[in-house]
Amino acid sequence: MNIVFGPSVKKYLIDNGIPLKCVILLDNGPSHPPGLEDDLLDEFKFIKIVYLPPNTTSTLQPMDQQVISNFKKLFTKHLFKRSFEVTKNTNLTLREFGKNHYNIVICLKLIDTAWQGVTKRTLNSAWRKLWPVVFFKTRGI
């Protein structure tokens, strides 16, 4: 917070003549530990951190309901496809596949492949629910 986010936000607000006010809205995932606001340096106390109530993220974020769910299904499909291709006609177990034939590069390639499989229709549907006024105005509807 204090090394990158705080200075970047402060610079942006000052450069654009915007009052020093910022709200970060976080879900209660483990990567967002409570008490982040207490760790802010005094020069970044204009940043307010607000946590969503537990179990509300998917309700409040349509992207979770559609796009992310679709992406996860596609990623899983491509991961299994890759594991079957590698282990086919061998005695490799899935455990051995994961240990010896799956790494960060392959994972990133699978992420890319899965993301390319998320259709415009899925994205438009999610955005239509998220921000209908803007969605319909930009399409002349």
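Along the sequence shown, residues carry numbers from 1.
- Separating the CH2 atom in W115 from the CG atom in L74 is a distance of 10.0 Å, to the nearest 0.5 Å.
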Cut-off 3.5 Å, no hydrogens considered: what does the side-chain donor-acceptor table look like for residues 19-26, sequence neighbours left out?
none

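- Under the side-chain contact (heavy atoms from CB on, under 4.5 Å) criterion, S8 pairs with V4, not counting sequence neighbours.
- Rounding to the nearest 0.5 Å gives a distance of 9.0 Å between NZ of K99 and CZ of R95.
- Through direct or relayed side-chain contacts under 4.5 Å between Ile, Leu, Val, Met, Phe, Trp and Tyr, F80 connects to F84.
- The structure places NZ of K77 at 10.5 Å from OG1 of T113, a figure rounded to the nearest 0.5 Å.
- Shown here are the salt bridge (charged side-chain N to carboxylate O under 4.0 Å, His left out) partners of K11, two or more places apart in sequence or in another chain: D15.
- Few gaps surround CZ on F46; more than 12 heavy atoms of other groups in view lie less than 6.0 Å from it.
- With sequence neighbours excluded, the residues that form a side-chain hydrogen bond (donor to acceptor under 3.5 Å, both in side chains) with T119 are T122.
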Steps toward side chain to side chain contact (heavy atoms under 4.5 Å, CB included) verdict (L79, F97): CA-CA 11 Å; L79 175 59; F97 162 78; 4.3 Å; yes
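- Among residue pairs with one or both ends in residues 66-76, none qualify as salt bridge (charged side-chain N to carboxylate O under 4.0 Å, His left out); sequence neighbours excluded.
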May I have the list of side-chain donor-acceptor pairs in residues 103-112 shorter than 3.5 Å, sequence neighbours left out?
unit_1 : atom_1 : unit_2 : atom_2 : d
N103   : OD1    : V105   : N      : 3.0
N103   : OD1    : I106   : N      : 3.0
D112   : OD1    : Q116   : NE2    : 3.2
D112   : OD2    : Q116   : NE2    : 2.8

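- For T90, the side-chain contact (heavy atoms from CB on, under 4.5 Å) partners at least two apart in sequence or on another chain are T87, L92.
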Do any side-chain atoms of residues 33-45 form donor-acceptor pairs under 3.5 angstrom with protein atoms, and if so which ones, sequence neighbours left out?
unit_1 : atom_1 : unit_2 : atom_2 : d
E37    : OE1    : I49    : N      : 2.5
K45    : NZ     : E37    : O      : 3.4
K45    : NZ     : L40    : O      : 3.1

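- Shown here are the side-chain hydrogen bond (donor to acceptor under 3.5 Å, both in side chains) partners of H32, two or more places apart in sequence or in another chain: D27.
- Atom NE2 in H101 sits 13.5 Å away from atom CD in E85 (nearest 0.5 Å).
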